[in-house]
Amino acid sequence: MRYNESVQLLQSNGRAGASIVKFRYEKIKKIMLTIIREADVISFEELSNRTLKRLTPFDGNNRWYMEAIVTDLDARGQLECSMLNGKLFVKSLG
């Protein structure tokens, strides 16, 4: 994988969102999906906390990347996101 490759993110409305560097997308996605599968259903807040513990710091806002990737995976049908008591919960569909 080349370091200048990028992934076009999707928004919840199906439109194109931002694009991010592919290796960063893949790394965060892999960690998040592992955590979600282990938990079955998890709040986004807890998912973020657990993901941050496993990530090595890099330039940029890690929480923004996590939010953007969860939105993208939801739009692609790989995750289901739902609100419960004012909190966002995430579960894997795959």
Side-chain angles (χ1 to χ4, degrees):
M1 180 178 338
R2 295 186 348 224
Y3 286 101
N4 61 350
E5 289 182 87
S6 63
V7 172
Q8 180 70 57
L9 300 174
L10 294 179
Q11 299 176 347
S12 56
N13 61 9
R15 291 186 174 169
S19 61
I20 63 173
V21 176
K22 187 172 184 174
F23 83 88
R24 187 173 289 171
Y25 174 88
E26 293 297 336
K27 181 176 184 176
I28 295 170
K29 174 184 163 184
K30 182 179 178 183
I31 292 169
M32 292 175 75
L33 288 176
T34 299
I35 293 167
I36 293 166
R37 289 184 184 119
E38 289 170 357
D40 191 37
V41 176
I42 190 169
S43 72
F44 180 75
E45 182 179 344
E46 183 62 24
L47 175 61
S48 296
N49 291 337
R50 290 184 189 183
T51 302
L52 285 173
K53 288 178 184 176
R54 295 184 187 185
L55 274 177
T56 53
F58 51 78
D59 292 341
N61 183 333
N62 286 334
R63 288 203 188 265
W64 179 89
Y65 286 106
M66 288 184 285
E67 251 182 74
I69 292 170
V70 164
T71 300
D72 177 72
L73 294 175
D74 182 38
R76 294 178 192 276
Q78 294 180 21
L79 296 179
E80 181 180 303
C81 298
S82 56
M83 294 294 287
L84 181 64
N85 297 325
K87 287 188 175 183
L88 179 64
F89 285 85
V90 182
K91 75 175 188 175
S92 176
L93 296 177

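The figures here come from the full heavy-atom set of this structure, side chains too, leaving out hydrogens, waters and symmetry mates.
Atom NZ of residue Lys29 and atom CD1 of residue Ile69 lie 9.0 Å apart, to the nearest 0.5 angstrom. Taken from CG in Leu93 to CG in Leu73, the straight-line distance is 10.0 Å, to the nearest 0.5 Å. Residue Met66 holds its CE atom at 8.0 Å from CG of Asn61, rounded to the nearest 0.5 Å. Note that CD1 of Ile35 and OG of Ser92 are 13.0 Å apart. Values are rounded to the nearest 0.5 Å. Separation of atoms CZ (Arg50) and CD (Glu46) is listed at 4.5 Å; rounding is to 0.5 Å.
Residues satisfying the salt bridge (charged side-chain N to carboxylate O under 4.0 Å, His left out) criterion with Arg37, sequence neighbours excluded, are absent altogether. Annotation: salt bridge (charged side-chain N to carboxylate O under 4.0 Å, His left out) contacts of Glu45 (sequence neighbours excluded): none. With sequence neighbours left out, Arg63 forms a salt bridge (charged side-chain N to carboxylate O under 4.0 Å, His left out) with no residue at all. Not a single side-chain hydrogen bond (donor to acceptor under 3.5 Å, both in side chains) links Glu67 to another residue, sequence neighbours left out. In this structure Asp40 satisfies the side-chain contact (heavy atoms from CB on, under 4.5 Å) test with no other residue, sequence neighbours excluded. In this view, Lys30 satisfies the side-chain hydrogen bond (donor to acceptor under 3.5 Å, both in side chains) rule with no residue, not counting sequence neighbours. Every residue two or more places apart in sequence or in another chain that forms a side-chain contact (heavy atoms from CB on, under 4.5 Å) with Ser6 is listed here: Ser19. For Asp72, the salt bridge (charged side-chain N to carboxylate O under 4.0 Å, His left out) partners are Arg76, not counting sequence neighbours. Here Leu88 pairs with Phe44, Cys81, Met83 under the side-chain contact (heavy atoms from CB on, under 4.5 Å) rule; sequence neighbours left out. For Ala75, the side-chain contact (heavy atoms from CB on, under 4.5 Å) test picks out Leu10, with sequence neighbours left out.
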One pair to check against side-chain contact (heavy atoms from CB on, under 4.5 Å): Tyr65 and Val21. What are the steps and the verdict?
CA-CA 10 Å; Tyr65 286 106; Val21 176; over 6 Å; no
side-chain contact (heavy atoms from CB on, under 4.5 Å) evaluation trace for Leu9 with Thr71
CA-CA 8 Å; Leu9 300 174; Thr71 300; over 6 Å; no
Full working for side-chain contact (heavy atoms from CB on, under 4.5 Å) between Met32 and Val90:
CA-CA 10 Å; Met32 292 175 75; Val90 182; over 6 Å; no
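If you chain together ILVMFWY residues whose side-chain heavy atoms come under 4.5 Å of each other, Leu84 ends up grouped with Val41, Phe89.
Residues Gln8 and Ala16 come closest through the heavy atom pair NE2-CB, 3.5 Å.
When Val70, Ile31, Leu47 are each tested for a side chain to side chain contact (heavy atoms under 4.5 Å, CB included) with Ile36, only one passes: Leu47.
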